[in-house]
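Order of the sequence lines sets the chain letters (A, B, ...), proteins ahead of strands, with each chain counted from 1.
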Amino acid sequence: MDIKNVKGTHDIILEEAKAYDKIEMTMKSFAEAFCFSEFRTPVIEPSELFQRSVGESSDVVRKEMYTFLDKGDRLLALRPEFTAGIVRSFVNNKLYATRDLPLKAYYSGPVFRYERPQQGRYRQFHQFGVESLGVENVLNDVESLFLGYVILTALGLENVTLKINTLGDASSREAYRNALKGYFESHIKDMCDDCKVRYEVNPLRILDCKVPSDHEIVLGAPKMSDYLSSEAKAKFNKVLIALDEMNIPYEIDDTLVRGLDYYSELVFEYHYTSKKGVNYGAIGAGGHYDNLVEELDGPKMAGVGFSFGIERVYSVLKDDGLLDDIVDDIDIYVMPLSEKAKNQAFYLTSGLRTSGYKTEINLVDSKMANMFKKADRRGAKLGIIIGDDEIANGTVIVKDLAKKEQEEVAIDDLLDKVDAFFGEGQDECCCGDGECHCHDHEGE
RNA sequence: GCGAAUGUGGUGAAGUGGUUAACACACCUGGCUGUGAACCAGGCACGCGUGAGUUCGAUUCUCAUCAUUCGCCCCA
């Protein structure tokens with residue numbers, strides 16, 4: 001086939017899909033425990049939504065958005081992130097007036113950015129995240145930050161580095177912005193083209209520049225911390241105290257600015273280096289925003305949130321061997337030995353399936369040896385063999401595939417036999433209803 | 001947007017300016033017509049990303065193009 005997946009997209013299939021499911025279930029269950037509620041917002045939104053929220057000066061909007069005209073000449077965009085859509089939904093549905101605040105939402109789904117694909121970077125990728133809207137207490141900032149930390153820990157990641165910084169409140173940023181403008185005024189002519197644009201739209205972002213010659217200049221720039229208002233300092237300190245109290249290790253990184261324009265006050269990133277020493281950079285990030293809700297025509301209220309890149313979390317977990325326990329094994333493999341036996345075996349298989357056993361049947365003509373091979377490949381624990389002799393006797397052969405022991409069982413006794421086999425030596429199913437026998441209920 | 005590497009079957013891959021494109025794994029068939037191993041005998045790329053050029057002749061050389069992967073920027 002010469003039709004291939006679109007550049008930068010990837011198929012999440014089979015065992016990988018199973019792993020993604022586990023990751024998302026873990027994230028969701030903790031979000032629920034923190035009393036966040038799920039929001040499912042559209043993949044397509046008016047392009048303007050992101051221009052106003054994420055910001056014209058951000059690379060995400062400037063050059064990475066998937067925008068297009070629909071048949072009604074509306075300029076739409078595939079969402080490059082979730083926050084804008086969540087806030088839009090919050091405002092459209094007037095939740096600020098009808099629900100208790102802060103309104104706490106979580107989300108999970110695909111997002112799109114037109115970038116050059118490479119390690120840990122896709123054009124369609126998946127994010128899980130949360131937003132608290134209408135926050136007044138910095139402890140709500142800490143709540144989100146802590147949730148992200150708890151999730152990563154629960155997934156088994158031990159050496160998460162939490163980097164935090166504060167961008168200050170409006171007056172702090174205004175003062176700092178002016179200071180930066182003043183500092184860079186004499187240097188800007190020697191700096192890269194990106195920085196020239198940043199100088200005009202958002203001088204703060206110049207600090208993020210990685211061009212070596214520019215970096216020299218950046219080193220001499222004024223520091224945010226010197227321009228923080230006393231209120232901003234106090235807020236940031238409250239966060240730090242809370243983190244200390246909760247024994248969450250962090251690093252203050254005063255070069256941390258974030259690429260989306262709506263952040264103010266607290267910003268943070270979760271970094272990770274795998275046990276093999278591969279630095280995956282930020283696997284999740286977030287922060288506080290004072291003006292976004294108002295910017296999108298809602299009341300003046302602050303929000304805070306973070307998001308994880310599921311692909312990156314997956315890579316990190318895989319690299320550290322934390323996904324090795326995920327298997328897609330089946331319970332029972334049914335092997336009919338004749339055309340006539342296939343029918344009988346099929347009815348029997350259907351019965352086992354409705355009883356909750358993951359049962360597969362071989363319906364292609366195969367030699368017995370091949371069927372055993374297939375049973376092994378699928379990880380089946382039990383084999384059921386049925387041939388013309390068994391049909392004549394009203395029995396089947398039930399074989400413990402690991403022990404290679406078998407016995408002939410009357411068809412009427414089959415389910416009891418199977419129940420007995422899977423009942424013993426295994427923990428009681430967490431569903432507790434005695435019906436479900438699958439082994440995949442971790443995280444439910 | 002910039003830079004680098006790679007492109008041979010189901011998979012991993014070797015290879016050469018010229019007759020049958022190694023080898024291994026997987027898979028299929030038969031030996032063995034009801035039991036998972038092993039063994040034996042066969043089968044499995046009319047094709048070496050695509051297009052053009054050089055040449056008597058190209059999978060092998062040149063150019064272009066596309067794709068993949070990786071790095072930079074930026075980001076999850």
Between C1' of B:C74 and CD1 of A:Ile206, the distance in whole Å | 15 Å
Base of B:C75 paired with side chain of A:Arg116 (donor-acceptor, under 3.5 Å) | no
Which whole number of Å gives the distance between the C1' atom of B:C28 and that of B:C44?
-> 8 Å
What nucleic acid atoms does A:Gly383 come within less than 4.0 Å of, heavy atoms only: base, sugar-phosphate, or nothing?
-> nothing
With no hydrogens and no angle check, do the side chains of A:Ser89 and A:Asn92 hold a donor and an acceptor under 3.5 Å apart?
-> no
Given the rule in the side chain to side chain donor-acceptor pair (under 3.5 Å) test, do A:Asp254 and A:Ser225 qualify, once you have shown the distances and angles that lead to the verdict?
-> CA-CA 8 Å; A:Asp254 60 13; A:Ser225 49; 5.0 Å; no
Test for a donor-acceptor pair under 3.5 Å between the base of B:U69 and the side chain of A:Gln119, counting only N and O atoms.
-> no
The side-chain hydrogen bond (donor to acceptor under 3.5 Å, both in side chains) partner of A:Tyr289 among A:Glu265, A:Glu295, A:Glu131 is A:Glu131
Which whole number of Å gives the distance between the P atom of B:A45 and that of B:G34?
-> 31 Å
For A:Arg113, answer base if it contacts any base atom (sugar-phosphate contacts may also be present), sugar-phosphate if it contacts only those atoms, and nothing otherwise; contact means non-hydrogen atoms under 4.0 Å.
-> base
Has A:Lys181 got its NZ or CZ under 6.0 Å from the middle of the six-membered ring of A:Tyr199, at an angle within 45 degrees of the ring axis?
-> yes
Could you tell me if the ring centre of A:Phe90 sits under 6.0 Å from that of A:Phe39?
-> no
Does some side-chain heavy atom of A:Leu155 sit less than 4.5 Å from a side-chain heavy atom of A:Leu322?
-> no
Rounded off to whole Å, could you give me the CD-to-P distance for the A:Glu339 and B:G34 pair?
-> 15 Å
Provide the distance between the two P atoms, one in B:U68 and one in B:A26, to the nearest whole Å.
-> 31 Å
Using the C1' atoms only, state how far B:C63 lies from B:A58, rounded to an integer number of Å.
-> 15 Å
Choosing from B:G34, B:A76, B:G36, which nucleotide comes nearest the side chain of A:Arg258?
-> B:A76
Can A:Phe125 be called stacked on B:A76 when the rule is centres closer than 5.5 Å and an angle between planes below 30°?
-> yes
If you look at every strand shown and take non-hydrogen atoms under 4.0 Å, does A:Leu337 touch a base, only sugar-phosphate, or nothing?
-> base
Within the structure shown, what part of the strands sits under 4.0 Å from A:Arg62 by heavy-atom distance: base, sugar-phosphate, or nothing?
-> nothing
Under 3.5 Å, is there a donor-acceptor pair linking the side chains of A:Tyr272 and A:Asp320?
-> yes
Which part of the nucleic acid does A:Glu405 contact within heavy-atom distance under 4.0 Å: base, sugar-phosphate only, or nothing?
-> nothing
Is any side-chain nitrogen or oxygen of A:Gln118 closer than 4.0 Å to OP1 or OP2 of B:C70?
-> no
What is the distance, rounded to the nearest whole Å, between atom CG of A:Asp59 and atom P of B:A76?
-> 11 Å
Of the listed nucleotides B:U35, B:C74, B:A67, the one nearest the side chain of A:Lys4 = B:A67
A:Phe421 and A:Lys381: CA distance, side-chain angles, deciding distance, side-chain contact (heavy atoms from CB on, under 4.5 Å) verdict | CA-CA 9 Å; A:Phe421 177 83; A:Lys381 321 277 180 305; 3.9 Å; yes
A:Asp388 CG to B:G34 P: how many Å, rounded?
-> 10 Å
Side chain of A:Ala369 only, please: which of B:G34, B:C74, B:G36 is the nearest?
-> B:G36
Take atom C1' in B:G10 and the same atom in B:G43, then report the distance between them in whole Å.
-> 15 Å
Looking only at N and O atoms, is any donor in the side chain of A:Lys399 or the base of B:G36 less than 3.5 Å from an acceptor on the other one?
-> yes
Which whole number of Å gives the distance between the P atom of B:G1 and that of B:A22?
-> 42 Å
A:Lys381 NZ to B:G36 C1', straight-line distance once rounded to whole Å | 16 Å
Out of B:G36, B:G34, B:C74, whichever nucleotide has its closest atom nearest the side chain of A:Glu64 = B:C74
P-based separation of B:U59 from B:A76 [nearest Å] = 48 Å
When rounded to whole Å, the CE to P distance for the pair A:Met65 and B:C75 reads 15 Å
Check if the side chain of A:Lys7 and the base of B:U68 share a donor-acceptor pair of N or O atoms closer than 3.5 Å.
-> no
Restricting to nitrogen or oxygen on both sides, can you table the protein-nucleotides 39-45 of chain B pairs closer than 3.5 Å?
none

Going by atom types alone, do A:Tyr66 and A:Gln124 pair a side-chain donor with an acceptor below 3.5 Å?
-> no
Below 4.5 Å, heavy atoms only, C-beta onward: do A:Asn159 and A:Thr273 meet side chain to side chain?
-> no
Taking the side chain of A:Met368 as its heavy atoms from C-beta onward, which of B:U35, B:C72, B:A37 lies nearest to it?
-> B:U35
Quote, to the nearest angstrom, the P distance that separates B:C27 from B:A37.
-> 10 Å
If you check every side-chain atom of A:Asn370, which of B:C28, B:G34, B:A76 has the closest atom?
-> B:C28
Side chain of A:Glu115, base of B:G1: donor and acceptor closer than 3.5 Å?
-> no
Just how far, in rounded Å, is C1' of B:C75 from CZ of A:Phe112?
-> 16 Å
Checking all strands, does A:Gln406 fall into the base, sugar-phosphate, or nothing category for heavy-atom contacts under 4.0 angstrom?
-> base
What is the distance, rounded to the nearest whole Å, between atom OH of A:Tyr122 and atom P of B:C75?
-> 19 Å
